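A short write-up of the structure that comes next.
Protein chains get the first letters and strands the later ones, always in sequence-line order, with residue 1 at the start of each. These numbers come from a predicted model, not from an experiment.
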Amino acid sequence: MLDIKLIRDQEAVVREGLARRGHSAENLDAVVEADRQRRALVTEVEKLKNQLNVVSKEIGQLKAKGQDTADKQQAMRELRDRITGMDAQVREVEAAMRERLLSIPNLPHASLPAGTDASANQVVRTQGMPCEFAFKPKGHVEIGEKLGLFDFPRAARMTGAGFPLYVGLGARLERALISFMLDLHVAEHGYTEVSPPFVVNRASMVGTGQLPKMAEDMYHCTDDLWLVPTAEVPVTNIYRDEIIDQPLPICLTAYTPCFRREAGAAGKETRGLIRVHQFDKVEMVKFVEPATSYDELETLVGQAEDVLKRLGLHYRVLLLCSGDISFAAAKCYDIELWAPGQNAWLEVSSCSNFEAFQARRANIRRRKDGKVDFVHTLNGSGVALARLVVALLENGQEADGSVTLPEALVPYMGGIRRLEAPDKKA
RNA sequence: GGAGAGGUGGCAGAGUGGUUUAACGCGCCGGUCUUGAAAACCGGAGUGCCGCAAGGUACCGGGGGUUCGAAUCCCUCCCUCUCCGCCA
């Protein structure tokens, strides 16, 4: 949510920012008008409330002296009814304004390249080189099915398409990667591990920006609970409606499964692990001093990259353009892994600075020099599974169909260095 | 799921219709005193909104209602605690 005071005082700046994002000014216009109305109404109704309070107190004093107050009471009855009506008007205007405000995206940071879609994103750096193969590299589906790592047909029967079932070493690899990444962030990057609920209430979904706009992409349960689309939601909401009373930054990391309906996305990449409705992810979340948030963003990207470096994977970092960043982000880096079987880059991490956008929605504040103000929030995938598994299988594949694992994973795989077909094992 | 008791400022805890602009205490901040500290004493201290300001207004778990006036009465929802039932 943008600051209404910023909109009020620097409307032109806000207008320009939204234009760079390619967002229409319709919501902004409505907010500006509603704000004007609201202030006029509030000023007037508060005068009336003051009158009501003063006279009510008088009535109490007069009654104590045994005097007649019927006239004043009648007058106040009428005044109160007027106030009730105006209060309702204020609430109406406020609700309309808030709904519009909640639908306005964050303003893009000045450092973003201009552009309307992914084609304008900038490659910031590339790490490693694509693996050379003496044979035509296979796709992860073929590799994994031969090795018995997952079973899509049965998963589709029990649940539906896009819900993977991992089996044997496939399931073990999933667990190993989660542990490896959590350990790395805790031991080397200074994060505190948390394990949050996998469903959250509506207010939390609004707090991080998934609602009201993206409801169609979410799984909605009974009791108005929502399956988390990312750990960002429960973890950021840990401090919702709080004035944080501890030193910043606060750095938290969490594993959660992520549930996404991706409504409308069907038809593309429907096979395999690349686009699924449920995947595992380790997420990093930071609550920081506003002055430091862009430095923290760079650190965050580096920490996500560290995961991939230690796994020896070929990746590149993209700076997203003004038209391609997510709704709540002011600046965002994506990290993509090279998948030789797909002959394509796969997004496995998105590291964003939301500035105060989420903090304002979720009301997360801290005290600074006696004043209360919003913190800045950031988060980044560190990193997302499923696609990471795709890259590991496709990069590590051997001519005989087995897969060599990165050294860093071996301790987490109980000493296993190579994924082999069950019938080949002793 | 059933029965009961509760939810008040950082903590603890009074307040059951109008001198409450929420008491007292602890903790916190500033000051006096002291070589320094403690103690004692004095003072300060919530959050949002409207307003250039003075000031006003709202908030006692959330929402609604009764009343001239609600922390206080009524309805409803949420949460916590105790007991019972069920259960990994």
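- When the nearest nucleotides of RNA chain B are assigned to A:V372 and A:Q61 by heavy-atom distance, the more 5′-ward of the two goes with A:Q61.
- Taking for each of A:E58 and A:R365 the nucleotide of RNA chain B with the nearest heavy atom, the 5'-most of the two is the partner of A:E58.
- Residue A:K371 is classed as having no contact, given no heavy-atom separation below 4.0 Å to the nucleic acid.
- With sequence neighbours excluded, the residues forming a side-chain contact (heavy atoms from CB on, under 4.5 Å) with A:E16 are A:R20, listed by chain and number.
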Practice task
Convert the base pairs of RNA chain B into dot-bracket notation, remembering that pairs crossing earlier ones are written with [ ] and that bases paired across to another strand are shown as |; include only Watson-Crick or G-U pairs under 3.5 Å.
Solution key: ((((((((.[[...)..(......]].(((((.......))))).(((((....))))).[[[[[..)....]]]]])))))))....
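- Take A:P406 and apply the side-chain contact (heavy atoms from CB on, under 4.5 Å) test, not counting sequence neighbours, and it matches A:L311, A:L392, A:L409.
- For A:I243 and B:rG46, the CD1 to P distance is 11 Å, given to the nearest whole Å.
- Listed by residue number, the members of residues 41-56 of chain A with any heavy atom below 4.0 angstrom from RNA chain B are A:V42, A:T43, A:E46, A:K49, A:N50, A:L52, A:N53, A:S56.
- Closest to the side chain of A:I59, from the set B:rC50, B:rU47, B:rG18, is B:rG18.
- Using a cut-off of 4.0 Å between Lys/Arg side-chain N and Asp/Glu carboxylate O, A:R366 and A:E242 are scored as not salt-bridged.
- Judged as a salt bridge (charged side-chain N to carboxylate O under 4.0 Å, His left out), and not counting sequence neighbours, A:E193 has no contacts.
- A straight line from CG of A:D3 to P of B:rG48 spans 12 Å, rounded to a whole angstrom.
- Within the nucleic acid shown, A:R8 comes within 4.0 Å of sugar-phosphate atoms alone, with no base atom in reach, counting heavy atoms only.
- In this model, the phosphate group of B:rC50 is approached by a side-chain N or O of A:R38 to a distance below 4.0 Å at OP1 or OP2.
- Among residues two or more places apart in sequence or in another chain, the salt bridge (charged side-chain N to carboxylate O under 4.0 Å, His left out) test is passed with A:R310 by A:E188, A:D306.
- Atoms CD (A:E94) and P (B:rG63) sit 12 Å apart, rounded to a whole Å.
- In this structure A:E145 satisfies the salt bridge (charged side-chain N to carboxylate O under 4.0 Å, His left out) test with no other residue, sequence neighbours excluded.
- The side chain of A:K57 contributes an N or O atom lying less than 4.0 Å from OP1 or OP2 of B:rU21.
- Between B:rC68 and A:R77, a contact under 4.0 Å exists linking OP1 or OP2 to a side-chain N or O.
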Problem - Audit row: A:Y315, A:E305, side chain to side chain donor-acceptor pair (under 3.5 Å) steps and yes/no - result: CA-CA 8 Å; A:Y315 69 83; A:E305 288 180 65; 2.6 Å; yes
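- Under the side-chain contact (heavy atoms from CB on, under 4.5 Å) criterion, A:R100 pairs with A:E26, A:N27, A:A30, A:V31, sequence neighbours left out.
- Applying the side chain to side chain donor-acceptor pair (under 3.5 Å) test to A:T377 and every residue at least two apart in sequence or in another chain returns A:Q358.
- In this structure, A:D241 atom CG and B:rC59 atom C1' are separated by 13 Å, rounded to whole Å.
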List, one per line, each side-chain donor-acceptor pair under 3.5 Å for residues 85-97 of chain A, sequence neighbours excluded.
residue: A:D87; atom: OD1; partner: A:K49; partner atom: NZ; Å: 3.3
residue: A:D87; atom: OD2; partner: A:K49; partner atom: NZ; Å: 3.4
residue: A:E94; atom: OE2; partner: A:R38; partner atom: NH1; Å: 2.7

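- Partners of A:D224 by side-chain contact (heavy atoms from CB on, under 4.5 Å), not counting sequence neighbours, listed by chain and number: A:R202, A:H220, A:W226.
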Might you list the N or O atoms of the protein lying below 3.5 Å from N or O atoms in nucleotides 6-11 of chain B, with each pair's distance?
none

